[in-house]
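Down below is the structure, laid out as structure tokens.
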Amino acid sequence: MTEAILLVGGKGTRLRPLTAHTPKPMVPAAGVPFLTHQLARARAAGVTHIVMATSYLAEVFEPHFGDGSELGLHLEYVTEDEPLGTGGAIRNVAGRLHSAPGDPVLIFNGDILTGLDIKALVATHRTSGADVSLHLTRVEDPRAFGLVPTDGTGRVTAFLEKPQTPEEIVTDQINAGAYVFNRSVIDTIPTGRPVSVERETFPGLLAAGAHLQGMVDSTYWLDLGTPQAFVRGSADLVLGRAPSPAVPGRCGDRLVLESAEVAPDAKLTGGTVVGPRAVIGAGTRIDGSAVLEGAVIEPGARIRDSLIGAGARIGARTVLDGAVIGDGAVVGPDNELRDGIRIWCGAEIPAGAVRFSSDQ
């Protein structure tokens, strides 16, 4: 297998304000755009040609990655004029594939951080003779996901979208967002209209008697759809809990990129990453957080499980706990922002203006 389709067209609305100016796959995680980790893992698994299905802020991707040669890849980009859904996006880029009808094509999503053994998924696809193979993972609470029960041989028996009652929860196996399609199956997806691969393509194939195979891989898996999950994923990459050959440094409690300035007595823990040209002031304590390019953290600030956008400024002695600060925002000294609060890009909060938690 040498080809893959990477779905990177989503608007990332749940991640705002991080995605106000940046598409979700390009938000930095562990010091580089998240997409870099996915591309590096695909290349390590033997993929050489990847077609990116883009839509939202599509113009950002190619200037950054170019033709992919620096990563040892051949990258192509196809932009949707109108959102086509997951299935529609796959079909829309099919003309750029070089595979023969019976060849396997890897398909993965631009917002999933995973330790999936890609080679094992492809091997499962080949040995089972499947038309489509799906990466499945197990979760404690599957209500927010699509359930995928399988029989004793791993063959998929149903697709159950987001069950709510105990009776509907027949398995803890969920669709983990990575697939191997036979090239010929991609050509059966309708063109010119939105298609959901989860709600239309897979159930339709199953009803038509196609062979859909599931492979349960219970290594690291995280949907980065929310700011809290994204911060956690970045920290796990720095800590080495989530595998990636693209982390720009040694794994450990902290990752400080070149040109960042960190005061000698600042304490960075829990997988904290400090981006280029960021400044960390004296006496600060930052745990499990991401400080993006050019951000400034003034002396004595306390930050935990938070994301500080590019060019933002956090005032002296301010406390952030589970907060998301947009690009260029200014939070004055002696504020306290907690519990998932989000500050929009460019917003300004005066000194001492907020001293309570929020459930926003």
Side-chain angles (χ1 to χ4, degrees), residues 1-7 37-51 73 86-87 90-91 94 97-139 142 145-161 170-189 197-223 242-245:
M1 179 198 63
T2 60
E3 290 198 293
I5 297 171
L6 180 51
L7 304 176
H37 299 290
Q38 293 184 303
L39 294 173
R41 293 199 73 251
R43 181 65 189 93
V47 176
T48 56
H49 179 218
I50 297 179
V51 184
L73 292 165
T86 48
I90 293 167
R91 184 65 179 89
L97 298 174
H98 309 311
S99 302
D103 289 343
V105 177
L106 173 68
I107 298 170
F108 55 117
N109 284 277
D111 55 1
I112 301 294
L113 177 58
T114 176
L116 167 68
D117 186 336
I118 296 172
K119 290 183 177 179
L121 181 62
V122 176
T124 295
H125 182 78
R126 292 186 186 279
T127 57
S128 66
D131 299 296
V132 177
S133 297
L134 298 86
H135 170 210
L136 308 179
T137 192
R138 294 189 171 98
V139 295
F145 304 98
L147 304 191
V148 187
T150 54
D151 65 16
T153 68
R155 188 161 180 159
V156 174
T157 58
F159 290 91
L160 309 172
E161 279 298 315
V170 297
T171 181
D172 60 356
Q173 296 176 177
I174 68 165
N175 178 354
Y179 321 113
V180 178
F181 274 64
N182 281 347
R183 172 69 176 83
S184 58
V185 176
I186 294 174
D187 292 333
T188 67
I189 300 173
V197 73
E198 300 86 359
R199 292 176 174 82
E200 181 176 345
T201 304
F202 290 156
L205 287 169
L206 199 62
H211 180 176
L212 280 71
Q213 187 74 16
M215 187 193 83
V216 178
D217 183 308
S218 296
T219 54
Y220 185 97
W221 184 88
L222 185 64
D223 179 349
S244 169

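The shortest non-hydrogen separation linking Gln38 to Leu6 is OE1-CD1, 4.0 Å. Looking at every heavy atom in both residues, Phe159 comes nearest to Pro203 through CD1-N, 4.1 Å. Shortest non-hydrogen contact noted between Asp131 and Val185 is O-CG2, 3.8 Å. Scanning both residues, Pro104 and Val180, for their nearest heavy atoms gives CB-CG1, 3.5 Å. Here the shortest heavy-atom pairing between Ser99 and Val105 reads OG-CG2, 3.8 Å. The minimum heavy-atom distance between Thr153 and Gln213, with the atom names listed, is O-NE2, 2.8 Å.
The structure places OG of Ser218 at 11.0 Å from CG of Leu116, a figure rounded to the nearest 0.5 Å. Here Leu222 contributes atom CG and Ile112 contributes atom CD1; the two are 8.0 Å apart, rounded to the nearest 0.5 Å. Atom-to-atom distance recorded for Leu7:CG and Tyr179:OH is 8.0 Å, nearest 0.5 angstrom. With values rounded to the nearest 0.5 angstrom, Leu206 atom CG is found 8.5 Å from Arg155 atom CZ. For the atom pair CD1 of Ile5 and CD1 of Ile186, the computed distance is 4.0 Å after rounding to the nearest 0.5 Å. Interatomic distance, Ile90 CD1 to Ile189 CD1, rounded to the nearest 0.5 Å: 5.0 Å.
Side-chain contact check for Ser184 and Asn182: no donor-acceptor pair (N or O, by modelled atom type) lies under 3.5 Å. A donor-acceptor pair shorter than 3.5 Å can be found between the side chains of Thr150 and Gln173.
Side-chain atoms of Tyr220 and Leu113, non-hydrogen and from C-beta on, do get closer than 4.5 Å to each other. In this structure, Arg126 and Val122 have side chains that are in contact, with non-hydrogen atoms separated by less than 4.5 Å. Contact check for Val47 versus Phe108: no side-chain heavy atoms found under the 4.5 Å cut-off. The closest side-chain heavy-atom distance from Val156 to His211 is not below 4.5 Å. Counting heavy atoms from C-beta on, the side chains of Val148 and Phe202 never come closer than 4.5 Å. In this structure, the side chains of Arg43 and Thr48 come closer than 4.5 Å at one or more pairs of heavy atoms.
Checked for salt-bridge contact, Asp103 and Arg183 miss the test: no charged N lies under 4.0 Å from a carboxylate O.
Under a 3.5 Å cut-off, the side chain of Asp217 and the backbone N or O of Asp117 do form a donor-acceptor pair. In terms of modelled atom types and a separation under 3.5 Å, the side chain of Trp221 and the main chain of Ala176 share a donor-acceptor contact. Panel note: side chain Arg41, backbone Thr114; a donor-acceptor pair is recorded below 3.5 Å.
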I'd like to know whether Asn175 forms a side chain to side chain contact (heavy atoms under 4.5 Å, CB included) with His135, so could you lay out the CA-CA distance, the side-chain angles of the two residues, the decisive distance to 0.1 Å, and finally the verdict.
CA-CA 7 Å; Asn175 178 354; His135 170 210; over 6 Å; no

